[in-house]
Q: 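Structure incoming, see below.
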Amino acid sequence: MRQLDKNYDPKSFEGKIYESWEKDDDFKVTRDPAKTPYCIVMPPPNITGQLHMGHALDMTFQDVLTRWRRLQGYEALWLPGTDHASIATEVKVAEDLMETEGKTKDEIGREEFLKRAWKWKEIYGGKITEQVRKLGNSCDWSRERFTMDEGCNKAVIEFFVKLYEKGLIYKGNRIINWCPVCGTSLSDIEVQHEDLPGKYWYFRYPGADGGEGITVATSRPETMFGDTAVAVSTGDERYKDLIGKNVVIPLMGKEIPVIEDEYPDPEKGTGAVKITPAHDMNDYEVGERHGLDMPVCIGFDGKMTDIAGEYAGMDRYECREAWVKALEEGGFLVKIEDVVIPTGKCYRCDTAIEPMVSDQWFVSMKPLAKPAIEAVYSGDLKFVPQRFEKVYLKWLEEIRDWCISRQLWWGHRIPAYYCDECGETIIAAEAPEKCPKCGTAHPRQDEDVLDTWFSSALWPFSTLGWPDDTEDMKYFYPTSVLVTGYDIIFFWVARMVFSAYEATGRSPFEYVFVHGIVRDELGRKMSKSLGNGIDPLDVIDAYGADALRFFLLNGSAAGNDMRFITRSVEATRNFANKLWNASRFVIMNLGEGEELKRAEAASSSAEALKGLALESEDKWILYTAEGIIREVTENLEKFEFSVASQKIYEFIRDEYCDWYIEFVKGRLYGDDEGTKEAARATLLKVLADILRLLHPFMPFITEEIWSYLDKPNKLIVDAWPQASGLTDGFAGDAERIESLKEVIRAVRNIRAEAGTVPSKKIPLIVTADLGGDAAAHIRSLAGVSDVAWLPAGAGVPEDAASAIVKDISVYVPMSELVDYEAEREKLTKEKENLENNISRLKSKLGNEGFTAKAPAEVVKGEEEKLAASEAALEKVLARIDAIEDK
RNA sequence: GGGCGCAUAGCUCAGCUGGUUAGAGCACAUGCCUUACAAGCAUGGGGUCACAGGUUCGAGUCCUGUUGUGCCCACCA
């Protein structure tokens, strides 16, 4: 039989294993009608650059789910793809253009620029998918998609037209968020709020009639050129006389009215607010209500417009400085106050955004949001952890219309066409030959592209073929789970849901599993500017993909952030090494040819295994394994990845390696063929189940080890283990072995504390007969020469060190090693512990409330504990007496 | 201003619907190169589960409040 190499070297097989999966189409689905569909659509990584740790985390969850369901026999599709990431990519490509050719976008023009962008996509899109493979992700590459491929483009255009025809998309001259650096409009969520130190400047606007006028506070004096009113709270007594009259914008000389509105808060500032409808969200609304003009004083380039007079062309912030100075000199500045100003910043370039009135396309959100909200209440859409429902609902309930047009080139171009002749607007999937109204040829297409999230919103169904009624749609839609970080619930999850209801009439997925973000060792967000990002590929290079995956899965509770701790990855790598070596041991002992075949046959069915001469430890490990299988399955059903991986880890390391393998070594090296065969079959059976259980978490190492077991098929397409009824009736053996473990531990403890040299064999007395091979196990695993079973109550040797485990006493007679004083102290401590325990249990059991209300099994358990403790205490007291006599 | 987390061993974190004497990894101490593994083995020390109340037979787990800390949202005079 082929043997495992002595060293665990993930690099030597991870790549090879992945290739073999791909080559054999193991990730490919066929829509088998006999199977139950299971589908996850991968959140498409941006083609802007590299995969980061967040992707690794996100994808690992998805791969675990996919592999687990595949093993369970589902037709499990994980559909991969990439996102064109309109604004982000456009910025990157423009930067690249500047670096390599020293040219700007405008210099080469739209057509040429798009060529570069597509080239970029080819290069970086390919890189990303290579990285996705390195992580071991089992997605069906034959269905790989891109948000700007033909199918997605068709879906986007179709959806746009559909919404337009229903009156849910409209064009309007409204206030939007403008990024002067990116040169485009942004949706509300693309603006990041940040509290920055700022000032309130209080300026006096003199009355047009020469009166005192009114004092207003502003954090943005440069917008005064766009003022069209001063508003005061409705019914504000202080300004009663001014309402309806005009005041004058200082220095500028323009007269504007004082108006009443519900917007001003009389408590804030002076209670009077200057209104600049073109450059402030609130003021815009006030302006709408009062039919005010909306003069623009800051241009799209962030510079002052002509109405700023001598300041025209000046940068907005330079202008502020100069303007304040001028106003101060003119005697209009009343006071300055230091305050914290919440400021909107562009999520891409961090520039302070400018609210601007401009002509843009919008989606009417209220009607669309409704079914997406109801989906949560009806249970058609479930969040894990549930608390994220609230975040999602709140956002949708308070949603405002979505500005979807972007003044960019890279993206889906808006399917709106304008006839310059008659002014007609045509919305159509295909470019119209001529204007339907006046017949003018080739109406001009809108220059703008759509918000990148508009296409992302369609991803769960555009990738399955929508708007066509494809076989994939029928079979896989709606999808099973969406896995994503909490940071894009608004950007993406909510939009997918309302788009799906609109397009397909149902929720795009049943569950949303939400995870946190991966932070650096110090708990900081990984970011380019801090330079604290860790490349998953570097980690894979150093420790293997399996170690990285296991670390990511094991690290945190659902929805919480986690820290990337290199030492912990090292620990999971060590765990992989442990499994590798344990497997090496098993395979080494399975024998060749006939022997191996027998072991294989015996381990492959419950009946065959039962026919073997199973020892207690065999039954114990088989019994324990079944428990783990059940629990892990339940954990996965509840998306408890961390709990599941922890259980597998402990089972493999503690039970299988540290105990079971040690238990059977004697039998394997002995010459009793019957018991040897039972040990081999059990080793193999449990190892196979371990590999199956661990496979979704650590796909490479498990598949690699599996390949040494000479199984007919690959692990990836094998089966998830199930409780087979094999271990019915094994509970007694399992319990006996648990006691045996305790005894062995106790003896080791006594030896260690007494400082016995390991080579010295000592005799041992145990007050219970654990039966079977227990004595042999104790001898070999605890360095014991002879084991004597002593009935309870029999004479206790005086010169002995002792320990009590459960209701069993362990005595090690070792006169020359025992320190009586120390022994007495130990026993006294033990006595106190037991006494405390007993009184605690007694009062608990004496409490009628407890015995009456607690479940019977809990009460029974407590009673058993009390009995055991009392028996143990008796023994301790006897020992203390014996020592006192000394 | 509103909302949501987190606070458990020196460090990083688990702990599901309340039910033993609260766990893991790392770190620490002691002893071991025992023919699967020194990327290892054995044994051990270490926590009044932030604080204060409450519900309950029983609270790390549920409720209220307090403190500290982080995040999200918000129309930013």
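From a predicted model like this one, the values you see are computed outputs, not experimental measurements. In the text below, chain A, chain B and the rest are named by the order of the sequence lines, each starting its count at 1.
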Q: Can you tell me how far P of B/rC26 sits from CZ of A/Arg567, to the nearest Å?
A: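 In whole Å, B/rC26 P lies 9 Å from A/Arg567 CZ.
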Q: Assess whether side chain to side chain donor-acceptor pair (under 3.5 Å) is satisfied between A/Asp227 and A/Tyr205, documenting all intermediate values.
A: CA-CA 11 Å; A/Asp227 286 356; A/Tyr205 283 38; 2.5 Å; yes
Q: With respect to the side chain of A/Ile565, which nucleotide from B/rA36, B/rU12, B/rG15 is positioned closest?
A: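 Among B/rA36, B/rU12, B/rG15, the one nearest the side chain of A/Ile565 is B/rU12.
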Q: Quick one: which protein N/O atoms are closer than 3.5 Å to N/O atoms of nucleotides 1-10 of chain B? Pair and distance per line, please.
A:
unit_1 : atom_1 : unit_2   : atom_2 : d
B/rC4  : OP1    : A/Lys390 : NZ     : 2.5

Q: Both A/Val273 and A/Asn7 contact RNA chain B. Taking the nearest nucleotide for each, which residue is further toward the 5' end?
A: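 By nearest-heavy-atom nucleotide position, the 5'-most residue is A/Asn7.
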Q: Let me have the donor-acceptor pairs involving side chains of residues 635-643 of chain A, under 3.5 Å, with sequence neighbours excluded, atom names and distances please.
A:
unit_1   : atom_1 : unit_2   : atom_2 : d
A/Asn635 : OD1    : A/Lys647 : NZ     : 3.0
A/Asn635 : ND2    : A/Glu640 : OE1    : 2.8

Q: Can you tell which of B/rC71, B/rA24, B/rA36 lies closest to the side chain of A/Ala582?
A: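 Of B/rC71, B/rA24, B/rA36, B/rA36 is nearest to the side chain of A/Ala582.
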Q: When rounded to the nearest Å, what value does the distance between P atoms of B/rG60 and B/rA7 take?
A: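 It works out to 15 Å between them.
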Q: Does a nitrogen or oxygen in the side chain of A/Tyr656 sit under 4.0 Å from OP1 or OP2 of B/rC37?
A: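 Checking A/Tyr656 against B/rC37: no side-chain N or O falls below 4.0 Å of OP1 or OP2.
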Q: When rounded to the nearest Å, what value does the distance between C1' atoms of B/rU69 and B/rC33 take?
A: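 It comes out at 47 Å once rounded to the nearest Å.
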Q: Can you see whether A/Lys345 engages A/Thr343 through a side-chain donor-acceptor pair at a distance of less than 3.5 angstrom?
A: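 Absent: no donor and acceptor within the cut-off.
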Q: B/rG19 and B/rA59: how far apart are their P atoms, nearest whole angstrom?
A: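 Between the two P atoms, the distance is 11 Å.
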Q: Taking only the C1' atom of each, what is the distance from B/rA22 to B/rU8 in whole angstrom?
A: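 Rounded to whole Å, the distance is 8 Å.
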Q: When you compare the side chain of A/Asp188 with that of A/Asn177, does any pair of heavy atoms fall below 4.5 Å?
A: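 The answer is yes, as the side chains (C-beta and beyond) meet within the 4.5 Å cut-off.
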Q: Quote, to the nearest angstrom, the C1' distance that separates B/rG3 from B/rG40.
A: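 Each nucleotide's C1' atom is 50 Å from the other's.
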Q: Is the closest side-chain heavy-atom distance between A/Leu333 and A/Tyr202 below 4.5 Å?
A: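 Not in contact.
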Q: Go through the structure and list residues passing side-chain hydrogen bond (donor to acceptor under 3.5 Å, both in side chains) with A/Arg748, not counting sequence neighbours.
A: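 Here no residue qualifies.
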Q: Taking B/rC49 as the reference, what is the distance to B/rU61 when you measure between their P atoms (whole Å, please)?
A: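 About 10 Å, rounded to a whole number of Å.
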Q: Check for me whether A/Arg220 meets the cation-pi criterion with A/Trp201, that is, NZ or CZ under 6.0 Å from the six-membered ring centre and within 45 degrees of the ring axis.
A: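 No, A/Arg220 does not lie over the aromatic ring of A/Trp201.
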Q: Using the C1' atom as the point on both nucleotides, what is the distance between B/rU48 and B/rA9, in whole Å?
A: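 Their C1' atoms lie roughly 13 Å apart.
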Q: With heavy atoms under 4.0 Å as the rule, sort A/Pro355 into base, sugar-phosphate or nothing.
A: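 Base contact.
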Q: Pair up each side-chain donor or acceptor in residues 564-574 of chain A with any protein partner under 3.5 Å, not counting sequence neighbours, and list the distances.
A:
unit_1   : atom_1 : unit_2   : atom_2 : d
A/Glu570 : OE1    : A/Tyr543 : OH     : 3.4
A/Thr572 : OG1    : A/Ala547 : O      : 2.9
A/Thr572 : OG1    : A/Val569 : O      : 2.8

Q: Give me the ring orientation class for A/Tyr8 and A/Trp580: parallel if the planes are under 30° apart, tilted from 30 to 60°, perpendicular past 60°.
A: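 It falls in the tilted class, 30° to 60°.
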Q: Can you name the atoms? Protein N/O to nucleotides 40-46 of chain B N/O, anything below 3.5 Å, with the distance.
A:
unit_1 : atom_1 : unit_2   : atom_2 : d
B/rG40 : OP1    : A/Asn574 : ND2    : 2.9
B/rG40 : O3'    : A/Lys578 : NZ     : 3.2
B/rC41 : OP1    : A/Lys578 : NZ     : 2.6
B/rA42 : OP1    : A/Asp658 : OD2    : 3.3
B/rA42 : O3'    : A/Arg748 : NH1    : 3.3
B/rG44 : OP1    : A/Asn749 : ND2    : 3.3

Q: Where is the tightest heavy-atom contact between A/Pro250 and A/Trp323, given as atom of each residue plus distance?
A: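 Answer, listing the atom of A/Pro250 first, then A/Trp323: O-CH2, 3.5 Å.
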Q: Does any donor-acceptor pair link the side chain of A/Glu662 with the base of B/rA36 at a separation under 3.5 Å?
A: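 Yes.
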Q: To the nearest Å, how far apart are A/Glu194 CD and B/rA74 C1'?
A: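 Taking atom C1' of B/rA74 as the reference, CD of A/Glu194 is at 15 Å.
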Q: How would RNA chain B look in dot-bracket form, 5' to 3', counting Watson-Crick and G-U wobble pairs with both distances under 3.5 Å and writing | for bases paired to another strand?
A: (((((((..((((.....[...)))).(((((.......))))).....(((((..]....))))))))))))....
Q: Between B/rU43 and B/rG25, how many Å separate the two P atoms, rounded to a whole number?
A: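 Result for the P pair: 12 Å, nearest Å.
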Q: Taking the six-membered ring of A/Phe585, is the NZ or CZ of A/Lys665 close enough (under 6.0 Å from the centre) and on axis enough (within 45°)?
A: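 Output yes; distance and angle both within limits.
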Q: For residues A/Tyr347 and A/Phe491, establish whether the separation of their ring centroids is below 6.0 Å.
A: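 That pair passes the under 6.0 Å test.
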